[in-house]
**Q** 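The structure that follows is given in the form of structure tokens.
Worth knowing before you read on, the calculation uses all heavy atoms, side chains too, and leaves out hydrogens, waters and symmetry mates.
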Amino acid sequence: MKLLKTMLSAALLVCVLLSLAPVACAEDDPRFAGKSWDEVVADFNARLGIGERNVGYGYRNTVTGEEHFFNADQYMVSASMYKVPLNMAVAEKVYEGEISFETQIGGLTYKQLQEGSIIHSDNEYARVLWMYIGHGNYRSYRRYIAPLMGEDADTVDPQYYVNNFFTPRQMIHCLTELYDNQERYPGVIDCMKQAEPSEYFRRSESRFEIAHKYGYWEDQTLHMNDCAIVYTDEPILIVCFTDGLHNAYQVLAEFCTLMCDYAQYELAHRKPAEGAAALALRDLKLPRLSAQKEPGLSVPEPTPTAAPSPTPEAAVPAVAVPPLVWIGIALLFGLLFVFSAFGRHRLRRKRLLASVLSLLLALGVGGIAVMNLSPSVEGGLLPAMSVSTVLPFLGHPDPQEPLMGFFDALELENYQQFYAMLDGYSSLGLETPPEDSLEALTLDALQKSYSYRLEGESRVEGDLGEQEVYLRSLSIPAAEQALRECAAAELERITEERSYPELCDENGFYRPEIVQEAISAATNDVFSDASAFYRDHTFTLRLIYSEGGWFVRGDDALVDAVQGNG
């Protein structure tokens with residue numbers, strides 16, 4: 001009984017391993033796992049005994065733009081593949097309205113000529129068409145189709161004009177133009193889908209629809225070729241030239257299947273990872289600062305029916321009186337005292353009153369001047385002894401000096417002084433050191449980005465003022481977008497360098513540590529020089545004079561610029 005149980009367990013284990021084998025092969029196809037396209041093709045050539053100069057290959061993924069070549073620029077006999085660009089040149093005339101499918105060319109309609117030259121590969125029909133395009137001259141026809149092959153007719157290699165030579169790169173360019181602009185070449189792809197349904201590229205590949213144009217020419221050497229649009233999950237363009245191969249049919253058939261398998265393998269191993277990366281990077285966001293509002297000063301705003309705000313020329317001038325002016329005023333009142341006390345006056349009572357008033361004013365103004373000159377008084381002018389307090393008729397002091405202190409405090413990270421002048425907000429979220437490293441990097445970059453300039457003169461009317469301001473700061477949304485793009489590029493780089501098991505888990509998704517590695521590298525790159533994401537803001541600051549000083553209204557333009565939301 002024990003022996004029987006052991007045998008059953010072993011059999012079960014074998015069954016499990018056998019059931020897993022196909023999955024392992026599907027995930028890690030040895031033809032492609034850890035190999036580049038060039039390596040895949042090199043293995044293919046070695047397996048079939050193909051000499052390097054006997055073939056030319058081209059491959060392009062129409063979705064990703066991935067493109068590869070073997071002997072990319074080697075001119076080879078294209079045989080009947082030339083009928084693709086030939087018919088594209090004529091079909092474009094149908095698109096442009098110059099002719100129609102019923103137009104007679106050489107005694108046949110173009111519809112007959114198109115179907116005959118592509119589906120049945122009739123050489124005489126093709127000759128009628130190139131004579132029509134080239135006005136009877138073969139070289140003129142080749143010049144005409146040169147742009148379709150990605151060439152300049154005047155600078156192309158002279159070998160281009162020899163027979164019907166083309167290169168793999170030229171044929172892939174032609175197929176790309178045909179696929180990308182199908183409407184310009186009506187009927188061409190439809191005919192290619194009907195051509196030779198069981199030979200060349202279509203000899204053994206039945207999984208996908210194929211639109212192809214084969215070529216066969218034998219003189220002293222066999223030239224067998226094919227070019228096609230293969231409708232894999234992400235359609236691919238392929239071309240294969242052969243020259244003198246005894247197994248040309250096998251090469252064409254197996255090359256097509258190999259390229260289909262390669263495209264499907266790349267898609268299967270890229271799509272899950274792309275989905276995982278997109279999901280991870282979708283949640284990748286830089287932090288935003290949060291603000292705390294508080295009630296603003298109760299200073300009435302101008303109503304719509306009130307007189308319009310004054311222009312700079314019409315506004316009441318703001319006056320800031322320096323200490324030397326106070327000294328001059330004190331001396332003036334001192335002179336009045338001397339004149340009143342010692343001058344000749346008939347009315348002694350008036351003279352005494354004038355001298356007393358002059359003395360008091362001189363002492364008062366002199367005291368203000370001494371206080372303004374004192375180094376112990378921070379900021380110089382005391383609010384309690386401002387111009388508007390002592391001499392109301394001169395108006396409020398100029399807001400520019402306190403405004404410079406306001407923005408200087410922002411640059412120097414003196415947020416207590418900065419918030420003290422900010423009306424409507426108690427915090428913009430600048431003062432709290434973040435614990436998260438990404439938040440810390442963002443805040444540090446934002447704090448280093450500030451620079452400002454006051455534009456023009458201040459405008460003051462009553463207790464309200466305005467000042468044009470230029471402020472530069474980091475744009476967090478711009479840095480965030482750059483971080484996403486950089487992280488995606490890092491993921492692509494890592495993907496090219498690592499094996500599939502290193503990159504993805506059993507479900508085909510990027511491993512979290514791989515995503516984090518890409519994000520970390522991108523973060524260092526983006527914040528190594530954040531000046532690329534600085535933005536300039538120019539806006540009008542609204543000011544309020546209250547309790548002997550100017551306050552800055554915290555409106556949206558200012559708050560967004562300071563918080564880096566612009």
Side-chain angles (χ1 to χ4, degrees), residues 56-60 62 76-92 94-95 101 105 108-130 132-133 145 148-149 164 166 168 170-218 222-232 235-242 248-260 263:
Y57 305 134
Y59 171 94
R60 179 179 175 81
T62 61
M76 304 182 74
V77 175
S78 68
S80 289
M81 286 197 301
Y82 80 90
K83 295 165 186 174
V84 174
L86 170 61
N87 272 278
M88 288 170 63
V90 183
E92 190 171 28
V94 176
Y95 173 81
F101 279 110
I105 303 174
L108 297 169
T109 66
Y110 173 53
K111 183 176 181 61
Q112 291 172 316
L113 292 170
Q114 184 187 71
E115 292 177 350
S117 60
I118 296 178
I119 299 175
H120 307 295
S121 202
D122 189 296
N123 292 326
E124 186 56 36
Y125 283 13
R127 183 179 180 279
V128 171
L129 290 176
W130 71 251
Y132 167 69
I133 287 294
I145 66 169
L148 296 175
M149 313 309 293
N164 67 342
F166 288 131
Q170 289 170 347
M171 285 306 305
I172 289 296
H173 185 281
C174 178
L175 291 175
T176 301
E177 171 64 22
L178 175 61
Y179 182 84
D180 289 347
N181 301 285
Q182 300 179 33
E183 71 283 354
R184 295 193 66 86
Y185 312 106
V188 175
I189 291 179
D190 289 338
C191 288
M192 291 171 66
K193 288 179 179 180
Q194 300 176 56
E196 282 292 1
S198 59
E199 292 296 339
Y200 303 96
F201 280 166
R202 300 177 71 171
R203 188 173 194 179
S204 57
E205 184 53 64
S206 59
R207 294 171 296 172
F208 310 104
E209 185 178 32
I210 298 176
H212 73 140
K213 182 68 199 83
Y214 54 89
Y216 182 101
W217 179 258
E218 187 172 12
L222 174 63
H223 309 281
M224 189 181 295
N225 317 311
D226 206 351
C227 64
I229 302 168
V230 185
Y231 292 89
T232 49
I236 58 173
L237 313 175
I238 58 174
V239 61
C240 176
F241 289 83
T242 73
Y249 265 123
Q250 180 187 7
V251 170
L252 288 172
E254 292 195 18
F255 177 76
C256 180
T257 296
L258 181 70
M259 292 298 98
C260 291

**Q** Any side-chain to backbone donor/acceptor pair from Gln182 onto Tyr179? Under 3.5 Å, distance only.
**A** yes

**Q** Rounded to the nearest 0.5 Å, what's the gap from CD1 on Ile229 to NZ on Lys213? Could you check?
**A** 14.0 Å

**Q** For side chain to side chain contact (heavy atoms under 4.5 Å, CB included), just list the numbers for Leu237 and Thr62, CA-CA rounded to whole Å, side-chain angles, deciding distance to a tenth of an Å, and then say yes or no.
**A** CA-CA 7 Å; Leu237 313 175; Thr62 61; 3.7 Å; yes

**Q** Locate the shortest heavy-atom distance separating Ile210 from Cys256; write the atom from each residue and the value.
**A** CD1-SG, 3.9 Å

**Q** Kindly say whether the aromatic ring centers of Phe201 and Tyr214 come within a distance under 6.0 Å.
**A** no

**Q** Give a yes or no on whether the backbone of Val251 and the side-chain of Glu254 come within a donor-acceptor separation of less than 3.5 Å.
**A** no

**Q** Does any N or O in the side chain of Thr109 come within less than 3.5 Å of the main-chain N or O of Gln112, such that one atom is a donor and the other an acceptor?
**A** yes

**Q** Angle class for the Tyr200/His212 ring planes (parallel below 30°, perpendicular above 60°, tilted otherwise)?
**A** tilted

**Q** Could you grab the distance from atom CG of Leu113 to atom CD1 of Ile105, nearest 0.5 Å is fine?
**A** 6.0 Å

**Q** Could you tell me if the side chain of Leu129 sits less than 4.5 Å from the side chain of Ser117, heavy atoms only?
**A** yes

**Q** Can you tell me how far the CG atom of Leu148 sits from the CZ atom of Arg184, to the nearest 0.5 Å?
**A** 10.0 Å

**Q** Of the non-hydrogen atoms in Cys191 and Gln114, which two are nearest, and what is the gap between them?
**A** SG-OE1, 3.6 Å

**Q** List the atom of Pro168, the atom of Gly58, and the distance in Å for their closest heavy-atom pair.
**A** CB-N, 4.4 Å

**Q** Using the side-chain hydrogen bond (donor to acceptor under 3.5 Å, both in side chains) rule, take Tyr125 and Asn87 through it: C-alpha gap first, then chi angles, then the decisive distance, then the call.
**A** CA-CA 11 Å; Tyr125 283 13; Asn87 272 278; over 6 Å; no

**Q** Can you confirm whether Ser204 sits close enough to Thr257 that some side-chain heavy atom of one is under 4.5 Å from a side-chain heavy atom of the other?
**A** yes

**Q** For the NE2 atom of His223 and the CE atom of Met81, what is their distance to the nearest 0.5 Å?
**A** 11.5 Å

**Q** Within the 3.5 Å criterion, strictly below it, is a donor on Tyr216 or Glu218 matched to an acceptor on the partner's side chain?
**A** yes

**Q** Spell out, as yes or no, whether a donor-acceptor pair under 3.5 Å connects the side chain of Lys83 to the backbone of Ser121.
**A** yes

**Q** Taking everything shown except Lys193 itself, do over 12 heavy atoms lie less than 6.0 Å from its NZ?
**A** yes

**Q** Taking all atoms of both residues into account, what is the closest heavy-atom pair of Arg60 and Thr176, and its distance?
**A** CD-OG1, 3.2 Å

**Q** Can you check whether Pro186 reaches Phe101 side chain to side chain, under 4.5 Å on heavy atoms?
**A** yes

**Q** Check for a donor-acceptor pair, side chain of Asn164 on one end and backbone N or O of Tyr82 on the other, with a separation under 3.5 Å.
**A** no

**Q** Check whether any side-chain heavy atom of Ile238 lies under 4.5 Å from a side-chain heavy atom of Cys227, and answer yes or no.
**A** no

**Q** Does the separation of the ring centres of Tyr231 and Phe208 fall below 6.0 angstrom?
**A** no

**Q** Can you check whether Thr242's main-chain N or O pairs, donor with acceptor, with Asn225's side chain at less than 3.5 Å?
**A** yes

**Q** What do the steps show when you test Met224 against Trp217 for side chain to side chain contact (heavy atoms under 4.5 Å, CB included), and what is the final call?
**A** CA-CA 6 Å; Met224 189 181 295; Trp217 179 258; over 6 Å; no

**Q** Using every non-hydrogen atom in the two residues, find where Ala211 and Met192 come nearest and quote the distance to one decimal.
**A** O-CE, 3.5 Å

**Q** Could you state the interatomic distance from CE (Met259) to OH (Tyr57), rounded to the nearest 0.5 Å?
**A** 8.5 Å

**Q** Apply the test side chain to side chain contact (heavy atoms under 4.5 Å, CB included) to residues Met149 and His173: give CA-CA distance (whole Å), side-chain angles for both, the deciding distance (0.1 Å), then the verdict.
**A** CA-CA 6 Å; Met149 313 309 293; His173 185 281; 5.6 Å; no

**Q** Using 0.5 Å steps for rounding, measure from the SG atom of Cys260 to the CZ atom of Phe255.
**A** 9.5 Å

**Q** Could you please spell out the steps behind the side chain to side chain contact (heavy atoms under 4.5 Å, CB included) verdict for Ser80 and Asn123?
**A** CA-CA 8 Å; Ser80 289; Asn123 292 326; 3.9 Å; yes

**Q** Got a salt bridge between Glu196 and Arg202, using NZ or NE/NH1/NH2 to carboxylate O under 4.0 Å?
**A** no

**Q** Considering only NZ, NE, NH1 and NH2 on the basic side and carboxylate oxygens on the acidic side, decide whether Arg203 and Glu205 come within less than 4.0 Å.
**A** no

**Q** Between Cys240 and Asp226, is there a side-chain heavy-atom distance shorter than 4.5 Å?
**A** no

**Q** On a heavy-atom basis, which atom in Ile145 and which in Ala89 lie closest, and how many Å separate them?
**A** CG2-CB, 4.1 Å

